[in-house]
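Written out below as structure tokens is the structure these notes cover.
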Amino acid sequence: MQTKRPRRPRRVQLSVPGSSDKMMAKAAASRADHVFLDLEDAVAPSAKEAARKQIVLALKELDWTGKTRCVRINDLTTKYAYRDIIEVVEGAGSHLDTIMMTKVTSAFDIQFAATLLSQIERTIGLEREIGIEVLIEEVEGVQNVEAIAQASPRVESLILGMGDLSAAMGIDLGFVGSAANPYPGDIWHYARARLCMAARGAKIDAIDGPFPNFKDIEGYKREAIEALALGFVGKWAIHPAQIEPALEIFSPKPEDVARARKLRDAFLEAEARGLGAAQIDGQMVDIASLRILKNTLERAELFGM
């Protein structure tokens, strides 16, 4: 069992149908830093078995350099899920980083998949563990999100899936992201805040879910900025047009990185002189400030800035 989770870029999670060789090739050539090849909603039931083989081939033959490679499986209530895990992991092996579990409702769902992954990894001699990314898109998932986040060291991220959660909550999708929404503010604020807090508590990533109108780039940017303000590290992209806005918003600005380094260095210099704080450019920097600066610097390092 791994003791330390790998740090992976997830500023944008690009959704790609696993049944489309053309779209998977485009995804590999894109600037998205995380791509999930889909076996669930984007693939018709009649095409799911063939899509597993297409995904394995794409993972092994395309150049995914610089990307987190993920496969979204069908949920555990379907007949597809266990074969999704077995065939994709056995076939792709070291060419796969994570699987994304859908409609997770309890910690048991994660533990089942983690056990199956352990068995497969031992069978094929895989030396590193496959991570798990978790879609929270059912009411029970939101209610149990803290336990889900802590269910296994394999869990690397929580993602809010607003589409299915709308159905589970009985919410008219016409109200979501619409000016006609009678609810004041963000209808998903509670779910977003709770998911993000659970992720932070488990030291894993929180990812904001899809924005359905891919032609409304300003709307996408607005949601991404709000998610960033809550502590999310990235957002889904259901269309390539959403990649660049997500990369821009979830990357620290170069000037902020430079200032963070300057303030950190000033504090470390003051600390070496036996001082508990430093003043630079009219700003006081102490140990609490250093913790905030560290977040910016760690993100910059992850993204090669």
Side-chain angles (χ1 to χ4, degrees), residues 1-8 10 13 18 34 36-41 48 52 55-56 59 68-161 164-165 168 191-192 194-207 209 232-233 236:
M1 180 180 292
Q2 63 192 23
T3 56
K4 186 176 181 181
R5 292 180 178 91
R7 296 175 65 227
R8 308 187 201 272
R10 292 185 174 90
Q13 292 191 326
H34 180 295
F36 68 90
L37 308 180
D38 194 15
L39 282 169
E40 197 209 16
D41 290 347
K48 289 185 188 293
R52 294 175 190 146
I55 285 174
V56 168
L59 287 170
T68 297
R69 302 158 296 179
C70 176
V71 173
R72 180 166 78 158
I73 66 169
N74 291 278
D75 75 85
L76 296 186
T77 67
T78 70
K79 67 179 183 179
Y80 306 107
Y82 83 106
R83 293 302 314 172
D84 288 346
I85 298 174
I86 292 171
E87 291 186 26
V88 169
V89 177
E90 284 188 348
S94 62
H95 299 275
L96 177 67
D97 297 311
T98 64
I99 62 167
M100 184 183 294
M101 296 185 65
T102 55
K103 298 180 177 64
V104 172
T105 60
S106 72
F108 175 78
D109 294 347
I110 304 299
Q111 291 155 2
F112 167 81
T115 299
L116 182 54
L117 284 169
S118 294
Q119 293 172 344
I120 297 169
E121 288 160 356
R122 289 199 298 270
T123 298
I124 66 175
L126 193 61
E127 295 182 357
R128 62 171 179 81
E129 292 186 348
I130 301 295
I132 295 176
E133 310 201 37
V134 183
L135 259 172
I136 301 296
E137 50 188 343
E138 297 291 332
V139 172
E140 298 90 339
V142 176
Q143 290 175 317
N144 297 323
V145 68
E146 290 84 7
I148 290 168
Q150 302 275 357
S152 167
R154 291 181 186 269
V155 178
E156 297 185 14
S157 74
L158 300 178
I159 307 140
L160 184 63
D164 279 293
L165 189 53
R192 280 191 170 107
R194 186 167 177 183
L195 181 146
C196 193
M197 198 167 290
R200 291 295 181 177
K203 305 295 188 292
I204 61 177
D205 288 339
I207 312 297
F232 286 78
V233 303
W236 267 19

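No hydrogens, no waters, no symmetry mates; every other heavy atom, side chains included, goes into these values. This chain uses plain numbering: 1 for the first residue, then up along the sequence.
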key: Gap between atom CG of Leu59 and atom CG of Asp97 - 0.5 Å precision   = 9.0 Å

inquiry  = Are the side chains of Ile159 and Arg10 in contact, using a 4.5 Å heavy-atom criterion?
reply    = no

query = Going from CD on Glu133 to CD1 on Ile73, what distance comes out if it is rounded to the nearest 0.5 angstrom?
reply = 12.0 Å

key: Minimum heavy-atom distance between Leu165 and Ala191, given as atom pair plus value   = CD2-CB, 4.3 Å

key: Pair Asp205 + Arg7: basic N to acidic O under 4.0 Å   = no

ask   = Given side chains that start at C-beta, do those of Phe112 and Leu76 come closer than 4.5 Å, heavy atoms only?
value = yes

request  = Can you see which heavy atom on Val233 is nearest to which on Ile207, and at what distance?
outcome  = CG2-CD1, 3.5 Å

ask   = Hey, mind stepping through Arg72 and Asp41 against side-chain contact (heavy atoms from CB on, under 4.5 Å) and telling me if it holds?
value = CA-CA 9 Å; Arg72 180 166 78 158; Asp41 290 347; 3.9 Å; yes

message = Checking Arg194 against Glu146 for the salt bridge (Lys or Arg N to Asp or Glu O under 4.0 Å) test, could you report, in this order, the C-alpha distance in whole Å, the side-chain angles of both residues, the deciding distance, and whether it holds?
response = CA-CA 9 Å; Arg194 186 167 177 183; Glu146 290 84 7; 3.0 Å; yes

ask   = If you round to the nearest 0.5 Å, how far is CG of Asp84 from CG of Leu116?
value = 11.0 Å

query = Are any side-chain N or O atoms of Lys103 and backbone N or O atoms of Glu137, one a donor and one an acceptor, separated by less than 3.5 Å?
reply = no

message = Looking at every heavy atom in both Ile130 and Arg154, which two are closest together, and how far apart are they?
response = O-NH1, 3.0 Å

inquiry  = Within the structure provided, determine whether Leu135 and Asp164 are in side-chain contact (heavy-atom separation under 4.5 Å).
reply    = no

note = Heavy-atom nearest pair, Leu117 first then Ile85, reads CD2-CG2, 3.9 Å

request  = Test salt bridge (Lys or Arg N to Asp or Glu O under 4.0 Å) on Glu156 and Arg5 and set out the steps.
outcome  = CA-CA 7 Å; Glu156 297 185 14; Arg5 292 180 178 91; over 6 Å; no

